[in-house]
Number of protein chains: 2
Amino acid sequence: MVDGGIRVVFRGRYEHTLDSKGRLSIPARFRETLSGDSDGRLVITTFDDCLIAYPYQEWCILEERIAALPEFKRDTRSFLRFFYSSASDCTIDKLGRILVPQPLREYAKLEKEIIVVGVFKQFEIWSKDMWLSAEKEASKDETGNMLDRLVFD
Amino acid sequence: MVDGGIRVVFRGRYEHTLDSKGRLSIPARFRETLSGDSDGRLVITTFDDCLIAYPYQEWCILEERIAALPEFKRDTRSFLRFFYSSASDCTIDKLGRILVPQPLREYAKLEKEIIVVGVFKQFEIWSKDMWLSAEKEASKDETGNMLDRLVFD
DNA sequence: ACGAAATACCACTTCATCCCACTTTTGAGT
DNA sequence: ACTCAAAAGTGGGATGAAGTGGTATTTCGT
């Protein structure tokens, strides 16, 4: 469980399926990670044509920053409104699945074939089709350069 | 119930309907949040072409902040006048609904299709049409930048 | 006392949740 | 590499809760 590094980290890509009721099983590796801190609770939100799943603890860190924003400023309110509007609480059931709320399914165009990707402190949920095309896009861009900068600067 | 994070938080977007008598059911998730502190009591007011619903406790906190404002400044007074004049107490009935007072319905142009949105410590009530157009407006703005700043600064 | 509106009460439909069964994959042990 | 056991992932039925619509009763202002 404790491994010397940063504690809550998700890695890897998994192909799962969304069942007829909109349920998605969370990769077992991810469940282990989640059970410690956030005890099976996730906050899922929309971003970049996919869904981002935050362990509850991680989400709370974000929320503390949000709490400091000036409440009645116009752009704050508009930001909060749309950011929160897609943020949904999800709990993992006894068999390790979540029910993906309908509006989120629609946003990310989830149908049957799903890709679940660990991305550092969160993980992402993609429709397979969208994932493939995003992958294609990324290979055109100079993603490599980003790595160069990170490692060698 | 107690979870280490900020206690009273509303999240997510729900599509509900206003019935012929002007009643609106509050999403069950929100009711749970409300039952703890404010015990089913809300204060609803008008803002940004929608209605803002405050749990009674949160409203009280707001009032304390208002008490600290310079009382006779012109724009303070006009803001307060607007804000208070439409502030209505609402209680949630046995089936989890509120009756939205008529003047408020008119202000927010509520007809049948309603969007209820959790926005941190309050939630908002929108007519679906107004919500959609607000959404369109916001996507033009640089809402994404706000997120960047929150996460990376 | 009357009409309008708010509240309480009840019935129906839909959907989330719970529970169990089945198949596939993984991994340990020989 | 093969076998077996355990775990992971998938599917579906049953149950209960959530949301919606309507009728009856009460309250309020006039």
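Every chain is numbered from 1, with letters handed out A, B, ... down the list of sequences.
For the atom pair A:Leu42 CG and A:Leu34 CG, the distance stands at 5.0 Å (nearest 0.5 Å). From B:Ser88, atom OG reaches atom CD1 of B:Ile98 across 10.0 Å, with rounding to the nearest 0.5 Å. Atom CD in B:Glu111 sits 10.5 Å away from atom CE in B:Met130 (nearest 0.5 Å). Note: B:Glu15 CD to B:Trp131 CH2 = 10.5 Å, rounded to the nearest 0.5 Å. Distance CG/B:Leu62 to CD/B:Gln122: 7.5 Å, rounded to 0.5 Å.
A donor-acceptor contact shorter than 3.5 Å links the side chain of A:Ser85 to the backbone of A:Phe82.
End-to-end axis angle for the helix from C:dA1-D:dT30 to C:dT30-D:dA1, using five pairs per end and rounding to 10°, comes out at 40°.
Taking atom NZ on A:Lys94 and atom C1' on D:dA8, their separation rounds to 17 Å, with Å as the unit. The distance between atom OH of A:Tyr14 and atom P of D:dG9, rounded to the nearest whole Å, is 8 Å. If you take CD of B:Glu32 and P of D:dA17, they are 12 Å apart, rounded to a whole angstrom. Going from atom CD1 of A:Ile115 over to atom P of D:dG9 covers 14 Å, rounded to whole Å.
Of all nucleotides in DNA chain C having an atom under 4.0 Å from a heavy atom of chain B, the first and last in 5' to 3' order are C:dA6 to C:dT17.
Using a 30° and 60° split on the angle between ring planes, A:Phe30 and A:Phe10 fall in the perpendicular class, above 60°. The aromatic rings of B:Phe83 and B:Phe47 stand perpendicular to each other, their planes meeting at an angle above 60°, with 30° marking the opposite boundary.
At a non-hydrogen distance threshold of 4.0 Å, B:Thr17, B:Asp19, B:Lys21, B:Arg23, B:Ser25, B:Ile26, B:Pro27, B:Ala28 from residues 17-30 of chain B come into contact with DNA chain D. Of the residues in residues 95-113 of chain A, A:Leu95, A:Arg97, A:Leu99 come within less than 4.0 Å of DNA chain C through at least one heavy atom, sorted by number. Listed in residue order, the members of residues 123-131 of chain A having a heavy atom less than 4.0 Å from DNA chain C come to none.
Contact check for A:Glu63 versus A:Val43: no side-chain heavy atoms found under the 4.5 Å cut-off.
No more than 12 heavy atoms of other residues, nucleotides or ligands shown are found within 6.0 angstrom of OH on B:Tyr56. The local environment of CZ in B:Arg31 is crowded, with over 12 non-hydrogen atoms from other residues, nucleotides or ligands closer than 6.0 Å. Heavy atoms from other residues, nucleotides or ligands lying under 6.0 Å from CD of A:Glu71 number more than 12.
Salt bridge annotation for B:Asp49-B:Lys109: absent, with no cationic side-chain nitrogen under 4.0 angstrom from a carboxylate oxygen.
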- Task: Please report the C-alpha distance between B:Val9 and B:Thr33 in whole Å, then the side-chain angles of each, then the deciding distance to 0.1 Å, and finally whether the side-chain contact (heavy atoms from CB on, under 4.5 Å) criterion is met.
- Result: CA-CA 7 Å; B:Val9 179; B:Thr33 308; over 6 Å; no
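Applying the salt bridge (charged side-chain N to carboxylate O under 4.0 Å, His left out) test to residues at least two apart or on different chains, the pairs with a partner in residues 83-103 of chain A are A:Asp19-A:Arg97, A:Asp89-B:Arg11, A:Asp93-A:Arg97.
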